[in-house]
Amino acid sequence: MALPVLKHYINGEWVASETKTFGDVWNPARGEKIAQVPYGTAADVDRAVQAARAAFPDWRTTPPITRARYLFRLKEAFEAHFEEIARVLTREQGKVIDEARGEVRRMIENVEHATAVTTLMCGYSLEDIAKDIDCAGYRQPIGVFAAIAPYNFPAMVPWWFLPYAIVCGNTFVLKPSEQVPMTQSRIFEILDEIGLPEGVVNLVHGSREVVNAILDHPDIAGVSFVGSTPTARYIYERCGATGKRVQALGGAKNVVAVMPDAKLDLAMPSLITSYYGCTGQRCLSGAILAPVGDVADRLIERFTAAARAVRMGDGLDEKTTMGPLVSAAHRQRVLGYIEKGIAEGAKLVLDGRNPKVPDCPNGFFVGPTVFDDVTPDMTIAREEIFGPVVSVIRCRSLEEVIELVNSRGFANAACIYTTSGRTAREFRYRVKPSMIGINIGIAAPMAYFPFGGAGNSMFGDIKGHGQEIFHFFTDTKVMIERWM
Ligand code: NAD
């Protein structure tokens, strides 16, 4: 049977790409192809940008509260299709259905938060900055913005940007990950029902050619990117060269510290979720586990026992607690890191290389894996693996943990389990990463707080969502007035 071929959404219509190149979309739990995605061209991007550009003048003069009302309608439409979006997501990405539901909820929360535009887009003013002279700053939309998304959160990540951009009066072009393009295609079908003016939002599928066309297009004012650090750095540099606003969120190598005073019973469920939730394919996932002092043996024994109980399978099965990796290529990459860990002398205490997943013999699975006796200089302690592989680095003191965290080039998130407020405060105060969990294994800011890291985990200054994003999508025009 022929596979469905996805289309772009441009100027309110579903259109075929100009391309002759297509990629396969997979169900990673089953190891089956489920669709074909066009690798769009620069001409496709230009078509979308021209539509967005044409829509901008009317959209920017539409009152913010009216623009927000489209988002209220969108929220209702997403709620009505909630379960269906989650199922499309699980089928192409692999994460378990409850994780997909959580992701769709986070997506909708961004739509909700963006409706606060009439408060959060306000400028400010001051009378009498000099005798009889007043000053006012207005926040104005800028034009066409674009976002380029990663594969690990196909529903949520584009919505860290899209609703804020359009509610501020800009128009938008989205390029989802070519590995998981079906989720946004379904989301845009739902969006099509709410009657947004044509051209306000556009969807272009593809890979590098689409990205490069976005980066070079003279009519795109700014780019929001989320993905790996090498790509983030490239996006940032290229946007600098072409004079665009840019926020580029990159990869991670997150340390989770466990102090001797931590309550292990309470910590264990969230620790397991930190490392194995979404099969370790979260930018907030724990990667390094850092027990401090004499908690190490107890912790590793209990953690490994809990890891063995993870149940792998098709994420659409409600009993599954961990899905596959996204692709065969990514599974190979993760297996390569496990081999490297062994070669460099780390002690493999739980081996996920040959998992038994009877219902899904062709899926791209790697089982929960734990390395003990990892040292900070080993490859598996430095590079992002993005899979269910835990590197345990035993530390002697809080000081050593802080040094460990701050010596990774990445600085996305860091967590600590402790019952001491003083220890927690010291940790939060001194570590470089900008998303901190205290007795929390995934330090995920909600839509109304900024999402993004520091160091090599984030290029640019304004992060995803939060209040600050209204600044990314607007320019402040200052008027200084005197009436004679
Ligand atoms: P990726 O960098 O491979 O791809 C991201 C996007 O960039 C995709 O749309 C892809 O088509 C495009 N792309 C990839 N290589 C490119 C190139 N050479 N030139 C131009 N475009 C290119 O990332 P991924 O594998 O899809 O996603 C996983 C990564 O994203 C991980 O590193 C993860 O940590 C990171 N991530 C970070 C955050 C965060 O908030 N910091 C959130 C989610 C994911």
Side-chain angles (χ1 to χ4, degrees), residues 21 23 25 28 37-40 42 45 92-95 103 106-107 146-161 173-181 183-184 203-216 223-239 246-254 278-287 325-327 329-331 333-334 337 383-387 408-413 433-435 442-445 447 449-460 462-466 469:
T21 313
V25 185
V37 60
Y39 283 4
V45 171
E92 70 169 351
Q93 204 276 345
K95 66 178 64 176
E103 179 180 343
R106 290 289 170 109
M107 173 185 89
I148 300 160
Y151 80 79
N152 63 330
F153 282 92
M156 175 184 74
V157 166
W159 291 77
W160 287 355
F161 312 107
V173 177
L174 170 65
K175 189 206 89 70
S177 165
E178 64 275 33
Q179 297 192 76
V180 290
T183 306
Q184 287 301 326
L203 176 75
V204 179
H205 290 294
S207 179
R208 291 174 193 193
E209 184 174 344
V210 169
V211 172
N212 289 331
I214 288 172
L215 300 177
D216 289 344
V223 173
S224 304
F225 172 85
V226 181
S228 62
T229 287
T231 323
R233 196 190 299 272
Y234 169 71
I235 302 281
Y236 187 66
E237 288 172 358
R238 191 101 169 231
C239 285
V246 58
Q247 42 184 186
L249 283 66
K253 191 76 187 174
N254 304 318
C278 298
T279 323
Q281 298 167 105
R282 282 197 278 219
C283 70
L284 295 175
S285 288
L325 292 166
V326 71
S327 65
H330 189 47
R331 180 181 54 185
R333 194 171 163 271
V334 172
Y337 275 112
E383 296 184 9
E384 181 178 42
I385 300 175
F386 222 51
R408 305 303 91 188
F410 298 106
N412 212 42
S434 27
M435 294 181 277
I442 293 286
F449 286 91
F451 195 115
N456 291 339
S457 295
M458 160 99 201
F459 304 98
I462 298 182
K463 299 177 179 180
H465 56 64
I469 196 107

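As the structure is a computational prediction, the values presented were derived from the model and not from experiment. Numbering starts at 1 and runs along the sequence shown. Atoms within a ligand are numbered from 1 in the order they appear, just like the ligands themselves.
- Heavy-atom separations between Phe410 and ligand 1 are all 4.0 Å or longer.
- The contact set between ligand 1 and Ile148, taken as ligand atoms under 4.0 Å from a residue heavy atom, comprises 6 (C), 7 (O), 9 (O).
- For the pair Lys95 and Phe153, the cation sits on the ring face: its NZ or CZ lies under 6.0 Å from the ring centre, inside 45° of the axis.
- Protein heavy atom nearest atom 20 (C) of ligand 1, with residue, atom name and distance: Val211 CG1, 3.5 Å.
- Of the heavy atoms in Tyr39, none comes closer than 4.0 Å to ligand 1.
- Atom SG of Cys283 is separated from atom CE of Met458 by 12.0 Å, given to the nearest 0.5 angstrom.
- Side-chain N or O atoms of Gln184 include one that pairs as donor or acceptor with a backbone N or O of Pro154 at under 3.5 Å.
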| Verdict with supporting geometry, Thr183 and Gln93, side chain to side chain donor-acceptor pair (under 3.5 Å) | CA-CA 9 Å; Thr183 306; Gln93 204 276 345; over 6 Å; no

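- With a 4.0 Å heavy-atom cut-off, ligand 1 is reached by the side chain of Glu178 but not by its N, CA, C or O.
- Residue, atom and distance of the protein heavy atom nearest to atom 7 (O) of ligand 1 are Phe225 CE1, 3.4 Å.
- With Thr279 contributing its side chain and Leu325 its backbone, the two residues share no donor-acceptor pair below 3.5 Å.
- Counting the atoms of ligand 1 from 1 in the order shown, those under 4.0 Å from a heavy atom of Asn152 are 43 (C), 44 (C).
- Protein heavy atoms are absent from the 4.0 Å sphere centred on atom 4 (O) of ligand 1.
- Distances shorter than 4.0 angstrom do not occur between any heavy atom of Val157 and any atom of ligand 1.
- Contact atoms of ligand 1 toward Val226: 5 (C), 36 (N), 37 (C), 38 (C), 39 (C), 42 (C), 43 (C), 44 (C) (distance under 4.0 Å to a heavy atom of the residue).
- In terms of protein heavy atoms, atom 32 (O) of ligand 1 is closest to Glu384 OE1, 2.6 Å.
- The OH atom of Tyr151 lies 12.0 Å from the CD atom of Glu178; values are rounded to the nearest 0.5 Å.
- For the pair Cys283 and ligand 1, the shortest N or O to N or O distance does not fall below 3.5 Å.
- Among protein heavy atoms, the minimum distance from atom 28 (C) of ligand 1 is reached at Phe386 CE2, 3.6 Å.
- A donor-acceptor pair is defined here as one N or O able to donate and one able to accept, closer than 3.5 Å; no such pair exists between the side chain of Asn412 and the backbone of Asn254.
- Side-chain atoms of His465 come within 3.5 Å of backbone atoms of Phe449 as a donor-acceptor pair (strictly under, hydrogens ignored).
- The environment of Tyr234 atom OH is dense: over 12 non-hydrogen atoms of other residues, nucleotides or ligands sit within 6.0 angstrom.
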| task | Step by step, work out the side chain to side chain contact (heavy atoms under 4.5 Å, CB included) result for Ile214 and Ile148. | result | CA-CA 9 Å; Ile214 288 172; Ile148 300 160; 4.2 Å; yes

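- Taking atom 16 (C) of ligand 1 as the reference point, the nearest protein heavy-atom neighbour is Thr231 CG2, 3.5 Å.
- The shell of residues lying under 4.0 angstrom from ligand 1, judged by heavy atoms, includes Gly250.
- Distances below 4.0 Å separate heavy atoms of Gly251 from the following atoms of ligand 1: 32 (O), 34 (O).
- Of the possible polar contacts, none joining the Gln281 side chain to the Phe386 backbone as a donor-acceptor pair under 3.5 Å is found.
- Glu103 contributes a side-chain N or O that, together with a main-chain N or O of Met156, makes up a donor-acceptor pair within less than 3.5 Å.
- Regarding atom 27 (O) of ligand 1, its nearest protein heavy-atom neighbour is Pro150 CB, 3.3 Å.
- Annotation: atom 6 (C) of ligand 1 to nearest protein heavy atom, Ala149 O, 3.4 Å.
- Closest to atom 23 (O) of ligand 1 among all protein heavy atoms lies Ser228 N, 3.4 Å.
- Phe451 counts as a contact of ligand 1, since one of its heavy atoms falls under 4.0 Å from the ligand.
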